[in-house]
Each structure stands twice: as structure tokens, then as C-alpha cells.
Amino acid sequence: MHTIWTIAKRELATFFDSLIAYIILVLFLGFSGFFTWLYGNDVFLVGQANLRVFFNIASWSLFFFIPAITMKMLAEERKTGTLELLLTKSVSDRQVILGKFLGSILLVCIALAATLPYVITVSNIGNLDNGGTICGYLGLLLLSMAYTAIGIFASSITTNQIVAFMTTLFIGLFFHIIFGVLAHNFTGSLGQFFDTLDLQSHFESVSRGVLDSKDLVYFFSITVLGLYLGEWSLSKRHIS
Amino acid sequence: MDIQIEKLTKTYGPQKAVNDISFDVKTGEVLGFLGPNGAGKSTTMKMITGYIGIEKGDIRIGGKSVTDPESNFKQHIGYLPENNPLYLDMPIIDYLEFCAALQGVEKANIKDRIREMIGLCGLNREKHKKIGELSKGYRQRVGLAQAMIHDPEILILDEPTTGLDPNQIIEIRKLIRDLGKEKTVILSTHILPEVEATCDRILIINRGSIVANGTPETLRKQAQGNEVLKVRIEDAKAETIAKALSDLDTVQDVDLIEREENLFEVQSIAQQSSKRNIFKLCVDKKWVLTELTPLETKLEDIFRNLTVN
Ligand SMILES: Nc1ncnc2c1ncn2[C@@H]1O[C@H](COP(=O)(O)OP(=O)(O)O)[C@@H](O)[C@H]1O
Ligand SMILES: [Mg+2]
């Protein structure tokens with residue numbers, strides 16, 4: 001655990017040491033804020049519904065924001081050769097993957113914490129619903145875990161950050177939209193199947209406050225699978 | 001801590017990068033791993049340091065196989081990879097702290113260790129810079145510092161002097177020699193004077209196989225075969241001298257190199273030396289012996305013979 005924390009801490013420090021980090025953070029906040037304001041400017045009428053808009057917009061922001069965080073994590077280390085130095089320290093492949101995962105998630109948490117002012121503004125005006133707010137953030141966190149794991153996997157299969165970014169978006173697109181569309185277009189068990197895979201519906205059910213173990217299992221499965229595939233790809237060492 | 005390598009093999013596609021090699025490195029020994037580019041030096045080192053898995057064969061470090069999940073061998077190794085990859089955007093001190101924490105240095109000792117490494121590697125003037133701001137030579141020192149931060153018993157250095165200027169090369173070699181007094185060191189290079197300057201033992205590797213293994217002296221002896229002497233004798237005709245030389249019991253062959261200078265190359269028969277006989281001959285005949293030097297086979301020649309295919 002100490003090793004994982006050491007790796008995560010370095011990721012965070014490196015991130016805040018670069019200008020790109022702040023650009024990404026500002027873009028994230030700006031994007032979430034702008035669209036929440038744009039689509040939810042009937043804020044004085046329905047506080048509750050407005051929060052729903054914010055969480056929805058934030059889920060989209062994270063969809064773009066996370067691939068930008070995770071893209072360099074392993075791809076860049078592979079490219080510059082620092083991966084060799086890291087993996088010959090007394091760390092395991094799994095600790096490296098988990099450290100990078102933890103680092104990214106902490107960063108997402110920082111970004112999410114920075115959105116609290118929005119939520120507070122909205123809640124002060126409408127009816128404050130703590131339960132709803134907490135569930136909304138929980139939904140965002142679960143969604144972030146899934147996309148971060150996918151992003152780390154994508155970063156592990158290439159030496160090119162842009163390729164990693166695009167791969168994460170591409171895989172994410174299926175979970176974020178395509179499965180949902182397919183679920184609508186098919187009926188019966190196939191439709192059901194795609195509906196189970198659709199991330200949006202799980203996200204909505206969590207953020208609406210319906211805590212179903214099915215949703216938790218769903219998010220954790222994607223996370224574990226993504227990290228596991230990342231570890232597997234790392235264990236191959238060379239990619240051609 | 002010693003290293004035993006047994007029948008190690010690694011294939012990349014159809015090519016055997018390392019082919020069934022076995023050798024030992026004893027505690028406190030500096031082993032020079034010598035070979036042309038592409039011989040398989042780096043591949044072997046990557047297997048010893050646990051970066052790439054072992055395909056066939058075994059590596060034992062301090063008696064324990066690296067395939068044993070309990071062995072924790074990486075803690076005993078300090079590694080400087082080829083091309084010295086470092087996090088360029090990190091400050092030196094932060095980077096050394098990171099490495100120390102990963103290698104299990106106790107938190108209370110980390111500061112001291114960093115200070116010690118900065119002193120040992122001569123980084124004092126540059127210590128507040130980011131690694132990316134350093135010159136190549138200083139980066140190499142950071143590379144060495146990170147390898148030694150946890151005071152490992154084994155050091156694996158892959159071409160540690162490439163890209164350094166001559167003064168830096170001399171400094172780094174001296175550092176390695178000093179370290180080698182206590183630690184087990186494997187150092188790879190394709191530069192011959194480097195192994196002669198730093199290593200107790202040389203292992204020459206070519207196309208994935210070991211082609212020679214021994215101290216510089218034994219390698220020279222093996223390659224040399226019979227004694228060859230360069231001899232210059234004055235006060236007689238070259239032919240007369242050549243005849244007299246070849247009549248000596250211990251001489252197998254005489255070559256006249258330069259007639260005007262009376263310069264000869266005299267090869268002795270196996271296991272014999274002709275130095276005394278030549279001297280006696282000159283005394284008897286009242287000739288003046290102005291030169292008598294053994295011709296050493298240079299390590300370069302050995303290397304070329306073994307690795308030119
Ligand atoms: N990742 C790799 N994929 C394919 N071939 C490789 C790889 N790494 C090394 N090789 C090949 O293995 C051989 C040995 O390489 P290496 O160990 O780096 O040699 P050296 O360090 O002695 O110069 C070379 O022919 C090299 O091309
Ligand atoms: Mg090499």
C-alpha cells in the first residue's frame with residue numbers, strides 16, 4: 001500500500017507541476033459550469049432538476065477529461081524508457097497500475113471538489129437535498145473509476161499519448177452512448193443485454209439515489225477488468 | 001551477494017537475443033560484460049533486474065531464484081539502464097526521494113541517504129535543478145545516484161559511460177572501481193579500455209553466446225599462445241644474427257622485420273621463453289642488444305578475433 005501511495009503521489013505532483021494540468025482543470029470546470037448554466041438557467045424554478053442537469057453535464061465532462069489525465073500515464077513512460085526503471089524498483093506490475101489508478105482518481109476527486117460551489121449555489125436556492133447530492137457525486141465517482149481504468153488500459157497498449165486518448169474515448173463511447181442506443185433499438189433479451197451494458201442508465205440510477213447492488217457490481221466490474229487488462233498488457237513488456 | 005546465471009535464453013521472434021548462457025558473479029567482484037552492439041548484453045541485464053521475464057533457465061541472486069515470488073530480489077539491486085531514462089520534469093531531490101521510498105529505505109533515513117548520494121555523485125551544485133535541466137554527464141550521475149540510493153549489494157550498470165566527456169568517464173570509472181570494493185557489480189560496455197580500467201573479470205558475449213570468460217591477463221594468455229619477442233641486435237649482419245637466433249633451442253621462428261635496423265620478431269616454442277638465451281647469445285658473440293620486448297596480444301585483438309564473424 002505504501003508503494004502504491006508513493007506512485008500515486010508522484011503522479012499528482014507531476015500533474016500539478018505542469019501547465020497542462022491547470023488547463024485541463026479549468027476546461028473541466030468551465031465546460032461543466034457553462035453548460036449547467038446554459039441548460040439549467042431556469043435554476044430559480046427547479047433546484048432539484050437543475051442538480052440533475054449538473055450531474056449529467058459533469059458526467060460528459062469527465063468522459064473527455066479522464067482520457068486526458070490517463071493518456072500519458074503508461075504510454076509516456078514506455079516511450080521514454082522510464083517504465084523500465086520503475087519496474088526494476090521493488091514494485092510489482094500491479095502496484096504500478098494501482099498507483100497510477102489511485103493518482104488519477106485523486107485528481108478527479110480534486111476536480112469534483114472544485115465543482116462544489118455550483119452545487120451549493122443551486123441547493124441554496126432550491127430545496128437542499130443532501131442525499132441527492134451525495135448520490136450524484138457517488139455516481140460521478142463510480143463513473144470516473146470505470147473510465148480511469150479504461151484509460152489506464154488504453155495507455156498501457158501504446159507509446160503514443162494521442163492514441164491512448166483516442167482509444168479511451170472510443171471504448172468509452174460504447175459505454176456512454178452506443179450500448180444505450182442499441183438498447184433502444186433492440187427488443188427482448190438483446191435489448192436487455194445492451195441495457196445492462198449501458199453506463200448512462202446505471203449512472204442515472206445511482207445519481208437518482210437508487211442504490212442497487214447491480215449498479216455497483218457494474219461499475220466495479222468495468223474498473224477491475226480495465227485494471228486487470230492494463231496489468232496484463234504491462235506484463236508483456238514490449239509492444240510492437 | 002552473488003549472482004548465478006544458468007542456461008539463460010531469450011528469443012525475440014526467430015532471433016535468439018540470449019542463447020543458453022551461464023556464468024557466476026562472486027560477491028565483491030566487478031564483472032565486465034563486453035560485446036559488440038546487439039550481442040545481448042542489455043537483454044541479459046534486463047532479465048537479471050527483473051524487467052523482462054525469464055524464458056528458459058534460471059537466475060539466482062544470493063542463492064534464491066528470481067522466479068520465486070518470495071525472493072524480493074529487486075531490493076538488493078541497483079540498476080542503471082542503457083540510455084539512462086529519467087523523469088525529466090522532476091527535481092533531482094524529489095526523484096531520489098521517490099526512488100528511496102520505492103526501494104524501501106526507511107522514512108527516517110531517506111534525507112540522509114539523499115544527502116550522501118548527492119555528495120558521492122558530485123551533484124551538490126546542481127541539486128535544486130530539475131533533471132531535464134541537467135547536462136548529460138550530470139544526468140548520468142543522477143542515474144547512478146538513484147541506482148545506489150538504497151545501498152544495494154548488487155549494481156547492474158548498462159553502458160554507464162556512453163555520452164560522457166573524457167574527464168567524466170575517468171571520474172565515473174573511478175567511482176565504479178571504488179564501489180566495486182564492497183559491491184557485486186556487472187557493467188556492460190563495448191569499449192575495451194573501460195573493462196581493463198574497471199573490471200576484475202571479463203565476459204565477452206557475441207550473438208547471444210559467451211565466447212570468453214576470465215581476467216584480462218588470462219584472456220591475453222589464452223589468446224597469445226607462444227611468446228613473441230621483438231629483438232634488436234647491433235654489430236653484426238642481419239643474416240648472421242637471424243641464423244644464430246634460429247639455432248637457439250627455445251626458438252621456433254625468426255622473422256626479420258627491418259634489415260637496416262636489425263629488428264627481428266622471435267617466436268619461442270610452446271611454454272618456453274627465449275629471453276635468457278638471446279641475452280646469453282649476445283654476450284657470447286659480443287653483440288649489443290638494444291631492444292628486447294615481449295609483444296603482448298592486445299585485448300583489442302582478442303575481442304576482434306572472438307566477435308568478428
Ligand atoms: N524488444 C525487442 N524486440 C525485438 N528484438 C529485440 C528487442 N530488444 C532487443 N532485441 C534484439 O536482441 C538483440 C540483443 O540486443 P541487446 O541485448 O540490446 O544487445 P546489446 O545490449 O548487447 O547491444 C539485438 O539483436 C536486438 O535487436
Ligand atoms: Mg545494450
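In this text the structure is predicted, and so the values were computed from the model without any measurement. Note that these values count all heavy atoms, side chains included, but never hydrogens, waters or copies made by symmetry. Chain identifiers are assigned alphabetically (A, B, ...) following the order of the sequence lines, protein sequences preceding nucleic acid strands; residue numbering begins at 1 within each chain.
Between atom CG of residue A:Leu85 and atom CG of residue B:Asn84 there is a gap of 7.5 Å, rounded to the nearest 0.5 Å. To the nearest 0.5 Å, atom OG1 of residue A:Thr88 and atom CG of residue B:Leu102 are 10.0 Å apart. The CD1 atom of B:Ile52 sits 15.0 Å away from atom NZ of A:Lys236, with the distance rounded to the nearest 0.5 Å. Between the CG atom of B:Leu86 and the OG1 atom of A:Thr80 there is a distance of 9.0 Å, given to the nearest 0.5 Å.
Among all heavy-atom pairs drawn from A:Arg237 and B:Gly50, the shortest one is NH2-O, 4.0 Å. Shortest non-hydrogen contact noted between B:Lys74 and A:Val91 is NZ-O, 2.9 Å. The minimum heavy-atom distance linking B:Ala101 with A:Thr6 is given by the pair CB-CG2, 3.7 Å.
With no hydrogens or angles considered, a side-chain donor-acceptor pair links A:Lys89 and B:Gln146 at under 3.5 Å.
Within 6.0 Å of atom CH2 in A:Trp232, 12 or fewer heavy atoms from other residues, nucleotides or ligands are found, so the atom counts as exposed in its surroundings. Atom CZ of B:Arg177 has more than 12 neighbouring heavy atoms from other residues, nucleotides or ligands inside a 6.0 Å radius. Around atom CE of A:Met166, no more than 12 heavy atoms belonging to other residues, nucleotides or ligands sit under 6.0 Å away. Annotation: B:Tyr12, atom OH; neighbour count of heavy atoms from other residues, nucleotides and ligands within 6.0 Å is above 12. More than 12 heavy atoms of other residues, nucleotides or ligands shown are found within 6.0 angstrom of NZ on A:Lys9. Counting non-hydrogen atoms of other residues, nucleotides and ligands closer than 6.0 Å to OH of A:Tyr228 gives a total of 12 or fewer.
Note on A:Arg10 versus B:Asp94: no salt bridge recorded, every NZ/NE/NH1/NH2 to OD/OE distance being 4.0 Å or above.
Only the side chain of A:Glu77 comes within contact range of chain B, with at least one heavy atom under 4.5 Å from a heavy atom of that chain.
With B:Gln103 contributing its side chain and A:Ser90 its backbone, the two residues share a donor-acceptor pair below 3.5 Å.
Between A:Thr14 and B:Asp89 the shortest side-chain heavy-atom distance falls below 4.5 Å.
Counting heavy-atom pairs closer than 4.5 Å to chain A, the top residue among B:Tyr87, B:Phe73, B:Phe98 is B:Tyr87.
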